[in-house]
*Asks:* 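One structure, as structure tokens, below. Some questions next.
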Amino acid sequence: IRHAVAYERDKGRWPDDDERPLTPAGTKKFRKAAQGIATLRFEPDEVLCSPLVRTRQTARILKRYAGYPRARPLTELRPAVDTRTLATALRKRHADRIVIVGHEPCLSRLICALLAIGLLGWAGVRARQRGDAARTELRTARAALGEFRSLKQRYRSGLQLRYIAI
């Protein structure tokens with residue numbers, strides 16, 4: 001899940017960009033998205049998030065409105081960490097169903113790597129807007145086949161699912 005809408009970078013307000021929070025509108029929209037995600041009845045074993053404020057805030061909204069477990073910060077989910085380093089850290093996790101709250105383009109690169117499409121990205125596998133969610137299911141640990149679901153809350157028309165089978 002890509003973090004919800006945050007304030008624009010502003011060195012005057014947040015000299016350390018890690019401290020930049022969600023906007024009130026981003027928080028409100030993602031609450032609705034989290035309520036929509038809750039209807040999917042997906043129960044993760046673990047939620048991991050980047051240690052940055054905006055991803056921790058997004059994960060707290062998921063906990064409150066979707067009933068997900070409390071998020072654990074993972075340093076390897078910081079922006080600009082390479083995919084191999086992140087994948088190595090994820091392999092050490094013992095949970096079967098993990099929700100990740102992070103940043104672009106890291107999330108798209110991770111999904112591509114999991115689907116064995118490559119690390120350069122693919123237009124169909126992308127959390128295009130803040131607050132988008134992507135779900136990848138691999139049938140076996142070494143499978144190059146997967147299923148991609150991009151979940152995006154349409155605030156006026158309800159939850160819309162877009163499916164792309166690989």
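The structure presented is a predicted model; accordingly, all values stated were derived computationally and were not measured.
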*Asks:* Are L52 and V5 linked, directly or through intermediate hydrophobic residues, by side-chain heavy-atom contacts shorter than 4.5 Å (ILVMFWY only)?
*Replies:*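 Different clusters.
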*Asks:* Return each pair, listed once, that meets ring pair (Phe, Tyr, Trp, His ring centres under 6.0 Å) where at least one residue sits in residues 90-110; pairs must be two or more places apart or across chains.
*Replies:*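 Qualifying pairs: H3-H103.
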*Asks:* Remaining members of V81's ILVMFWY cluster at a side-chain heavy-atom cut-off under 4.5 Å?
*Replies:*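 Besides V81, the hydrophobic cluster comprises nothing; the residue is isolated.
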*Asks:* Looking at residues at least two apart in the chain, or sitting in another chain, which of them share a salt bridge (charged side-chain N to carboxylate O under 4.0 Å, His left out) with R9?
*Replies:*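 If we apply the salt bridge (charged side-chain N to carboxylate O under 4.0 Å, His left out) test to R9, skipping adjacent residues, the hits are D17.
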*Asks:* Who are the side chain to side chain donor-acceptor pair (under 3.5 Å) partners of R78, not counting sequence neighbours?
*Replies:* D18
*Asks:* Hey, what do you get for CG (L110) to CG (L77), rounding to the nearest 0.5 Å?
*Replies:*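 The CG atom of L77 is 8.0 Å from CG of L110, to the nearest 0.5 Å.
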*Asks:* Could you state whether V99 and L22 fall into the same hydrophobic cluster, counting links through intermediate Ile, Leu, Val, Met, Phe, Trp or Tyr residues with side-chain heavy atoms under 4.5 angstrom apart?
*Replies:* yes
*Asks:* Can S108 and E104 be said to form a side chain to side chain donor-acceptor pair (under 3.5 Å), step by step?
*Replies:* CA-CA 7 Å; S108 292; E104 275 300 309; 2.8 Å; yes
*Asks:* Just jot down the side chain to side chain donor-acceptor pair (under 3.5 Å) partners of T23, sequence neighbours excluded, or say none.
*Replies:* none
*Asks:* What is the distance from atom CD of E76 to atom CZ of R84, rounded to the nearest 0.5 Å?
*Replies:*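 Answer for the CD-CZ pair, E76 versus R84, is 15.0 Å.
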*Asks:* Taking atom SG of C49 and atom CZ of R54, what is their separation to the nearest 0.5 Å?
*Replies:* 12.0 Å
*Asks:* List the residues meeting salt bridge (charged side-chain N to carboxylate O under 4.0 Å, His left out) with R97, not counting sequence neighbours, and say none if there are none.
*Replies:* D45
*Asks:* For a quick test of your reading: what N or O donor-acceptor pairs under 3.5 Å do the side chains of residues 60-69 make, sequence neighbours left out?
*Replies:*
none

*Asks:* Do the non-hydrogen side-chain atoms of I100 and V47 ever get within less than 4.5 Å of each other?
*Replies:* no
*Asks:* According to side chain to side chain contact (heavy atoms under 4.5 Å, CB included), who are the partners of R91, at least two apart in sequence or on a separate chain?
*Replies:* A87, T88
*Asks:* If I compare all heavy atoms of S50 with all of T55, which pair ends up nearest, and what's the gap?
*Replies:* O-OG1, 2.7 Å
*Asks:* Other than Y7, which residues form its hydrophobic cluster under the rule that side-chain heavy atoms must be closer than 4.5 Å?
*Replies:* W14
*Asks:* Listed by chain and number, what are the side chain to side chain donor-acceptor pair (under 3.5 Å) partners of E46, not counting sequence neighbours?
*Replies:* R72, R93
